[in-house]
Protein chains: 2
Amino acid sequence: MRKEREIFGKYLSRHNLRDTPQRELILDAFLKREKHFSAEELYDIVKKSDPSIGQATVYRMLKLLAEAGLAREVDFGDGVMRYEHSYNHPHHDHLVCRECGKTVEVMDSVIEELQKRVAESFGFELTDHEMYLYGLCPDCRRKTQK
Amino acid sequence: MRKEREIFGKYLSRHNLRDTPQRELILDAFLKREKHFSAEELYDIVKKSDPSIGQATVYRMLKLLAEAGLAREVDFGDGVMRYEHSYNHPHHDHLVCRECGKTVEVMDSVIEELQKRVAESFGFELTDHEMYLYGLCPDCRRKTQK
DNA sequence: CATTTATTGATAATGATTATCATTACCATC
DNA sequence: GATGGTAATGATAATCATTATCAATAAATG
């Protein structure tokens, strides 16, 4: 968390960007947040501390966090982009419940390796990927059966 | 192709929906199309045969085709939904070039099996998934290196 | 043929995100 | 500490794909 602040500070100065109270506030909220979130959700949070903050500022800050390598975009395909921590949060994929929306981070290195091989078998050089597994979580399975 | 028409006809009558020239026209264009496409692209095609057709009709028809099991939505994450043939076009994932956008359909049954196991290891019942592999296609790799 | 109900096409609405732009704030230099 | 240059902010307009609305039209059925 200290380290993340440091990284962002360096990112700002390296790009001739300024440190502002708004950016500090949004950075704080981001660092406190554990679950992934949308721009609007983060906006609602920071608005409590600074009701005059604009949502454009939140959108802009999220772009910066992503570029600085602290955040990562997550697209669940519902038209709303979410963000999650990227620093010290190694790559993973998502397992999402179709019923209640609960998500679990998953990672399988065998799958990762196979993805690379599949790409290579078509002559592609794999740079990244997206994988979303959809299903029913344990709770919703129980509810559905009864 | 005959079979697909039959399926769609049955879908219409089973749902008390009507067969109209517009639907016929869009169905034709859909059946002729091999590559995936967006609503707008299909609209541009059918407009040549019937300039008075509305794009809302195309959007509506794509929903029907998907519900009838003839089409499948493909979300490349660029904000535009595409469709591809679903009938006699078994499940596959997509390998996409980050540079030129070229796509290849891929399928690896080992990956599919592992996905199921990963989900199960969290108590989830896997219903479906999305996997997009991004990289550089052979052509773009060559261009980038030179 | 008349009635019912689905369909169409034009257009307005939606909703997330981005662009614009006047105003404000930061920061280095004098 | 005033100043000039430039970045940042917040309000708001714009964007863009998609959806909803609705009056007009067209099928199908008795």
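Naming convention: chains lettered A, B, ... in sequence-line order (proteins, then strands); numbering from 1 in each chain. Keep in mind the model is a prediction, meaning the values are calculated, not measured.
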Does Y59(A) place a side-chain N or O at less than 4.0 Å from the phosphate oxygens OP1/OP2 of dT17(C)?
-> yes
In whole angstroms, the gap separating P of dG9(C) from CE of M61(B) amounts to 12 Å
Parallel, tilted or perpendicular: which describes the rings of Y134(A) and Y132(A), with under 30° parallel and over 60° perpendicular?
-> parallel
Could you state the CD-P distance from Q55(A) to dA16(C), rounded to the nearest angstrom?
-> 9 Å
Does CD belonging to E99(B) count more than 12 external heavy atoms closer than 6.0 Å?
-> no
Distance test, side-chain N/O of Q22(A) to OP1/OP2 of dG10(D), below 4.0 Å | yes
Using a cut-off of less than 4.0 Å, is there contact between a side-chain N or O of T20(A) and OP1 or OP2 of dT9(D)?
-> yes
Establish, from distance only, whether the side-chain atoms of H91(A) and E112(A) form a donor-acceptor pair under 3.5 Å.
-> yes
How are the rings of H92(A) and H89(A) set to each other: parallel, tilted or perpendicular (split at 30° and 60°)?
-> perpendicular
Heavy-atom nearest nucleotide on DNA chain C taken for D19(A) and for L12(B); more 5' hit belongs to L12(B)
Relative to the ring of H36(B), is the ring of H94(B) parallel (under 30°), tilted (30 to 60°) or perpendicular (over 60°)?
-> perpendicular
NZ (K102(A)) with more than 12 external heavy atoms under 6.0 Å | yes
Just how far, in rounded Å, is C1' of dG15(C) from OH of Y43(A)?
-> 15 Å
Could I get a table of every N or O pair under 3.5 Å where one atom is in the protein and the other is in nucleotides 21-25 of chain C?
none

Base, sugar-phosphate alone, or nothing: which one does S38(A) contact when heavy atoms must sit under 4.0 Å apart?
-> nothing
Considering only heavy atoms from C-beta outward, does the side chain of V80(B) approach that of E40(B) to under 4.5 Å?
-> no
Atom-pair distance (CD1 on I53(A); C1' on dA11(D)), nearest Å = 14 Å
Nearest-neighbour nucleotide for the L17(B) side chain, dA11(D), dT7(C), dA20(D) considered | dT7(C)
Does K63(A) place a side-chain N or O at less than 4.0 Å from the phosphate oxygens OP1/OP2 of dT18(C)?
-> yes
Value in whole Å for how far the P atom of dT18(D) lies from CZ of F37(B) | 12 Å
Could you state the NE2-P distance from H15(A) to dA8(D), rounded to the nearest angstrom?
-> 12 Å
Rounded to the nearest angstrom, tell me the gap between atom CG in L62(A) and atom P in dT9(D).
-> 12 Å
Nearest-nucleotide comparison on DNA chain D, the residue closer to the 5′ end among A56(A) and L64(A) = L64(A)
What integer distance in Å separates K47(A):NZ from dT9(D):P?
-> 17 Å
Mapping N16(B) and P51(B) onto DNA chain C by nearest heavy atom, which one lands closer to the 5' end?
-> N16(B)
Should R23(B) be listed as having a side-chain N or O under 4.0 Å from OP1 or OP2 of dT8(C)?
-> yes
N or O in side chain of T57(B) less than 4.0 angstrom from dG9(C) OP1/OP2 | yes
Specify whether H85(B) and F30(B) have parallel, tilted or perpendicular ring planes, treating 30° as the upper limit for parallel and 60° as the lower limit for perpendicular.
-> parallel
